[in-house]
Amino acid sequence: MNQPVYLRANVKVEPLWNQWYAWPLLLQPVTAGCITAKLHLRILDSYLQAPHIHKAALKNPAMRGGPFMDYSGGIEKVTNLVNFTRSKVADLIDISAALTELNTLLTEEAQGYSMAELYQRIPEPLKGYVELGYDLNNNPSIRLIEPLLYASEYYKPELQSIQLSFIHGDDRSFVLSTPRFSDDSELNLPLPFNDPLVDRLFRMKYEAGALSICDEIAQRFKLDSNQIELLYSFFTTQAPAKPAALPEQGVRIRYFGHATVLLETPDVTIMTDPLISYKFPNASERYDYMDLPERLDYVVLTHSHQDHVMFETLLQIRHKIGTIVVPKNNGGTLQDPSLRFVLKAAGFDNVIEMDEMDELPLPNGRMVGLPFFGEHGDLHIRSKLAFFFELFGQKVLCAADSNNIEPKMYQHLHRMVGDIDYIFIGMESSGAPMSWLYGPLYPKPLDRKMDQSRRLNGSDSERARGIIEQFSPKQVFLYAMGMEPWLTYISSISYDEHSGPIVESNNFIQFCQSRGIQAERLNGCREVIINAQKEC
């Protein structure tokens with residue numbers, strides 16, 4: 001039973017919260033309450049009332065990513081989840097209602113005068129967890145005391161679980177609108193994300209461990225015989241292949257898909273926004289978990305959207321990570337939970353914050369956090385940074401979804417960092433309406449015309465040109481567009497040649513080439529070795 005084994009490379013890992021795919025806003029208690037009350041329960045109730053509407057919507061590509069359940073099982077499981085949620089998550093539903101009540105109170109009665117007396121009228125679920133205040137225009141607002149919330153009964157690690165199954169292809173359904181109901185091919189372990197067993201289990205993808213871990217899991221979670229058999233099938237005695245050796249000198253840059261870029265030198269490894277494909281037969285060309293180095297000295301997260309802070313990936317590589325770098329934020333606004341608090345609550349003890357223009361020394365270089373505009377529907381969000389890396393004198397900018405809505409900012413930055421050799425910039429220029437992500441946090445629905453005008457988008461061709469003209473790069477890579485076939489489960493994106501981001505990126509590439517700048521739209525994988533390049 002102590003035979004050395006490895007976790008198979010094609011074991012899919014879905015981190016869940018109350019059976020829904022986990023992302024940052026589902027871990028912070030107040031935002032979790034808002035999403036549960038105003039989105040999850042509405043989706044579930046809608047499905048119970050008219051499952052045929054959901055089935056029809058799923059056949060329409062225009063509805064991809066909408067609030068429609070992709071589920072063909074029994075109604076009883078959906079009913080049970082509704083009943084469980086209304087019972088076991090009732091306090092979070094109450095805190096969402098209390099927040100709406102408090103917003104109404106402030107709108108009606110906070111007119112620029114002292115708020116001291118209003119504290120007595122804060123709804124009970126929020127008492128002691130919020131501070132009231134004004135801005136300099138006497139607009140009232142609420143500040144959440146987030147550390148107290150994570151230490152309260154509102155933070156519910158018992159609702160966290162990890163679902164394991166085999167993955168054989170890229171055809172995963174969109175995960176944010178459908179709860180997970182385990183079947184015979186899936187094993188759901190009620191395992192909090194901060195449990196040490198998480199790291200022990202996923203370390204076994206790379207390092208041999210004892211098969212007795214199966215008995216330990218079976219006993220702890222009281223698995224039946226079929227579940228035990230499935231658990232054993234997730235392991236193999238075959239050791240994984242070792243990743244390709246790093247060149248002895250210089251910088252190697254590898255694109256893993258979407259916004260995931262790995263920078264490696266002989267002395268340091270850095271990865272941005274990890275979202276990594278699994279390894280399985282007949283997969284199109286890509287890098288996967290088996291291509292990761294033994295250690296990731298730094299993982300940097302540009303912003304907190306669900307395609308950039310991926311617990312599915314982060315939990316599987318946590319044991320490899322030296323330090324996670326996140327944008328600094330402790331503002332306590334509802335729409336902008338602190339990434340540091342979210343990650344620490346989930347068991348990541350190695351998190352540091354960087355503010356705009358903060359600098360972190362690296363071996364033979366440095367890392368600098370740069371301001372990041374756009375992508376957040378004009379909401380004040382502080383949890384966002386572009387990252388500038390200088391390694392062996394080579395300068396690299398990873399700007400993810402940055403939108404050049406204020407060119408003067410880049411003029412100011414150029415005075416501080418100079419020209420940049422390699423620029424990675426997103427061009428998801430269409431973007432969903434702001435309510436697609438932040439709608440459940442609003443006390444009342446947003447006007448549709450207003451909502452449509454405030455998009456979750458990055459630069460278009462014209463705006464991206466301004467960045468290139470400012471920094472005069474040698475080479476430009478368009479990334480973070482959600483193009484890879486293994487990303488539709490989180491991005492819901494499907495492009496054709498007429499799609500706006502494809503047209504805009506084609507125009508941008510032509511512009512760069514007319515200026516003698518190498519430019520390409522990334523899709524799949526790419527490797528660049530400074531002073532030598534080759535396709536993956």
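- Using a distance-only test at 3.5 Å, with no hydrogens or angles considered, a donor-acceptor pair links the side chain of K384 to the main chain of F372.
- Side-chain contact between L26 and I35: present, with at least one pair of heavy atoms (C-beta onward) separated by less than 4.5 Å.
- In this structure a side-chain-to-backbone donor-acceptor pair under 3.5 Å is missing from Y298 to M367.
- No side-chain donor from either of Y410 and E469 sits under 3.5 Å from a side-chain acceptor of the other.
- You'll find the side chain of I468 reaches within 4.5 Å of the side chain of I517, heavy atoms only.
- Contact annotation: the side chain of Y479 approaches that of C398 to within less than 4.5 Å [non-hydrogen atoms, C-beta and beyond].
- Between the side chains of D401 and H308, at least one donor-acceptor pair of N or O atoms lies under 3.5 Å.
- Among the candidates E312, Q163, E14, the single residue satisfying the side-chain hydrogen bond (donor to acceptor under 3.5 Å, both in side chains) test with Y21 is E312.
- At distances below 3.5 Å, at least one donor-acceptor pair connects side-chain atoms of T272 with backbone N or O atoms of A259.
- Panel note: side chain Y134, backbone G112; a donor-acceptor pair is recorded below 3.5 Å.
- Of all non-hydrogen atoms in P29 and L149, the two that sit nearest each other are CG-O, 3.8 Å.
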Intermediate values then yes/no, salt bridge (Lys or Arg N to Asp or Glu O under 4.0 Å), R382 and D355: CA-CA 9 Å; R382 288 214 50 205; D355 210 338; 2.9 Å; yes
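- Under a 3.5 Å cut-off, the side chain of D336 and the backbone N or O of I381 do not form any donor-acceptor pair.
- Looking only at distances, no side-chain donor or acceptor of D170 sits under 3.5 Å from a matching main-chain atom of P485.
- Each of Y206, F202, F348 was compared with H319 under the ring pair (Phe, Tyr, Trp, His ring centres under 6.0 Å) criterion, and only Y206 meets it.
- Between S402 and F373, the closest side-chain pair of non-hydrogen atoms is not below 4.5 Å.
- In this pair, Y129 and Y154 present their aromatic rings perpendicular. The plane angle is above 60°, beyond the 30 to 60° band.
- Within the 3.5 Å criterion, the main-chain N or O of G322 finds a donor-acceptor partner in the side chain of N350.
- The minimum heavy-atom distance linking S459 with N403 is given by the pair OG-CA, 3.3 Å.
- In this structure, K205 satisfies the cation-pi test against Y289, with its NZ or CZ atom closer than 6.0 Å to the six-membered ring centre and inside 45 degrees of the ring normal.
- Here the side chain of D421 pairs a donor or acceptor atom with the backbone of K395 at under 3.5 angstrom.
- For T302 and D273, the side-chain atoms include at least one donor-acceptor pair closer than 3.5 Å.
- Between F424 and Y255, a ring centre-to-centre spacing not shorter than 6.0 Å is recorded.
- Across all their heavy atoms, Q394 and K474 have their closest contact at OE1-NZ, 3.6 Å.
- Aromatic ring orientation, F389 versus F387: parallel (interplanar angle below 30°, classes split at 30° and 60°).
- Panel note: side chain S499, backbone P501; no donor-acceptor pair is recorded below 3.5 Å.
- Using a 30° and 60° split on the angle between ring planes, F471 and H414 fall in the tilted class, from 30° to 60°.
- With no hydrogens or angles considered, no side-chain donor-acceptor pair links D460 and S429 at under 3.5 Å.
- Under the 3.5 Å distance criterion, with hydrogens and angles disregarded, a donor-acceptor pair is assigned to the side chains of N506 and R521.
- Looking at E527, its side chain never comes within 3.5 Å of a backbone N or O of R252 through a donor-acceptor pair.
- Shown here for L27 and Y150, the closest heavy-atom pair between the two residues is O-CE2, 3.8 Å.
- Nearest heavy-atom pair across F392 and P266 is CE1-CD, 4.3 Å.
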